[in-house]
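Positions are given from 1 along the sequence. Values in this document were obtained by computation on a predicted structure and should not be read as measured data.
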Amino acid sequence: MTTFTIFGTGNMANAIGSVVAAGGASVEHITHEQGANAPVNGDIVVLAVPYPALAEIVANYGAQLDGKVVVDITNPLNLETFDSLVMPADSSAAAELQQQLPGAHVVKAFNTNFAATLASGKLGDNDTTVLVAGDNADAKQQLVNAVVAGGVKAIDAGSLKRARELEAVGFLQLTLAAGEKIQWTGGFAVVA
């Protein structure tokens, strides 16, 4: 059985946890209040936190993440202006996280999905699809298998280099929803 540790207890953390649990995975959550005291037991670790929280997680849990699949769901937004990404044009939050966690297998996923579409498995008339990018094929496949077992589609979007494009799509989708151009139950669909 696949085991997940999810940092966070917000809408995305709960939606992701529900999907993988529906597929038979064991799920535990680590809250911010637990500080650095909680053990990371999952084979797959989902960082369902805002981008600025990644630094604290790396500082407190970096050694525990060695050998694990670490899923970065963040969109590195400028939270003051909500009008740009804070990453250099040739990088991504996931790529920087991989540099900080060289013993882990960092995967970018879920950042182009809203919690409501993950929970329902639907995006309008289309099925919700999780896009997954990473450099380790086995790590990506483990996550894809868990998502698909939970009833949601998943597509391997390529290497970790693709995380930059996924973060740009996630950013655009967030700004459209925040600007009330689309609903938080909407977004971009993949039709294959």
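- In this structure, the side chain of Thr117 does not engage the main chain of Asn113 through any donor-acceptor pair within 3.5 Å.
- Taking both residues in full, the closest heavy atoms of Gly17 and Val27 are given as O-CG2, 3.8 Å, listed atom of the first, atom of the second, then distance.
- Looking at Leu77 and Leu174, their side chains come closer than 4.5 Å, going by heavy atoms from C-beta outward.
- Residue Lys153 places its NZ atom among 12 or fewer non-hydrogen atoms of other residues, nucleotides or ligands, all under 6.0 Å distant.
- When atom types are taken as modelled, the side chain of His29 and the backbone of Thr9 share no donor-acceptor pair closer than 3.5 angstrom.
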Carefully, step by step, assess Val40 and Lys68 under the rule side chain to side chain contact (heavy atoms under 4.5 Å, CB included).
CA-CA 10 Å; Val40 179; Lys68 296 188 183 285; 4.0 Å; yes
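- Looking at heavy atoms from C-beta onward, Ile16 lies in side-chain contact with Ile73 at the 4.5 angstrom threshold.
- Within the 4.5 Å cutoff, the side chain of Ile155 has no heavy atoms near those of the Val130 side chain.
- Between Thr129 and Phe188 there is no side-chain heavy-atom pair separated by less than 4.5 Å.
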Working for side chain to side chain contact (heavy atoms under 4.5 Å, CB included), residues Thr5 and Tyr61
CA-CA 12 Å; Thr5 296; Tyr61 292 94; over 6 Å; no
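- Each of Val106, Leu143, Val132, Val45 was compared with Val71 under the side-chain contact (heavy atoms from CB on, under 4.5 Å) criterion, and only Leu143 meets it.
- Distance alone, capped at 3.5 Å, is enough to place a donor-acceptor pair between the Gln98 side chain and the Ala104 backbone.
- Evaluation of the side-chain hydrogen bond (donor to acceptor under 3.5 Å, both in side chains) test over residues 130-151, restricted to residues two or more places apart or in two chains, returns His105-Asn136, Lys140-Asp156, Gln141-Asn145.
- The shortest non-hydrogen separation linking Gln34 to Ala38 is NE2-CB, 3.8 Å.
- Distance CE/Met12 to OG1/Thr74: 11.0 Å, rounded to 0.5 Å.
- Tracing side-chain contacts under 4.5 Å through hydrophobic residues (I, L, V, M, F, W, Y), one reaches Leu118 starting from Val46; they form part of the same cluster.
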Which is it for Tyr51 and Asn75 under the side chain to side chain contact (heavy atoms under 4.5 Å, CB included) test, yes or no, and what are the steps along the way?
CA-CA 6 Å; Tyr51 169 72; Asn75 284 304; over 6 Å; no
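- Looking only at atom types and distance, the side chain of Thr3 has a donor-acceptor partner in the side chain of Asp43 under 3.5 Å away.
- Atom CG of Leu65 and atom CD of Gln100 lie 11.5 Å apart (nearest 0.5 Å).
- For Leu160 against Ala95, the heavy-atom pair with the smallest separation is CD2-CA, 4.0 Å.
- With rounding to the nearest 0.5 Å, the separation of OG in Ser91 from CZ in Arg164 is 7.5 Å.
- The list of side-chain hydrogen bond (donor to acceptor under 3.5 Å, both in side chains) pairs with a residue in residues 173-192, not counting sequence neighbours, is empty.
- Between atom CD1 of residue Ile57 and atom CG of residue Leu101 there is a gap of 10.0 Å, rounded to the nearest 0.5 Å.
- In the hydrophobic clustering of ILVMFWY residues, with side-chain heavy atoms under 4.5 Å counting as a link, Val169 and Phe110 come out apart.
- The cluster map of Ile, Leu, Val, Met, Phe, Trp and Tyr, joined by side-chain heavy atoms under 4.5 Å apart, puts Val190 and Val147 in different clusters.
- Considering only heavy atoms from C-beta on, Leu97 comes within 4.5 Å of Leu47 through its side chain.
- Of all non-hydrogen atoms in Ala163 and Ser92, the two that sit nearest each other are CB-OG, 3.5 Å.
- A donor-acceptor pair under 3.5 Å is absent between the side-chain atoms of Lys108 and the main chain of Leu131, judged by distance alone.
- Put simply, the side chain of Glu167 gets close to the backbone of Ala93: a donor and an acceptor are under 3.5 Å apart.
- Heavy atoms only, all atoms of each residue included: Val107 and Ala139 are closest at CG2-CB, 4.0 Å.
- Using modelled atom types, no side-chain atom of Lys122 and backbone atom of Thr128 make a donor-acceptor pair closer than 3.5 Å.
- Formation of a donor-acceptor pair under 3.5 Å by the Ser159 side chain with backbone atoms of Lys161 is found in this model.
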Tell me, with the steps shown, if Glu28 and Ile6 meet side chain to side chain contact (heavy atoms under 4.5 Å, CB included).
CA-CA 6 Å; Glu28 65 181 16; Ile6 301 177; over 6 Å; no
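- A heavy-atom distance below 4.5 Å is not found between the side chains of Val20 and Thr2.
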What donor-acceptor contacts under 3.5 angstrom involve side-chain atoms of residues 80-90, with partners at least two apart or in another chain?
residue : atom : partner : partner atom : Å
Thr81   : OG1  : Asp83   : N            : 3.2

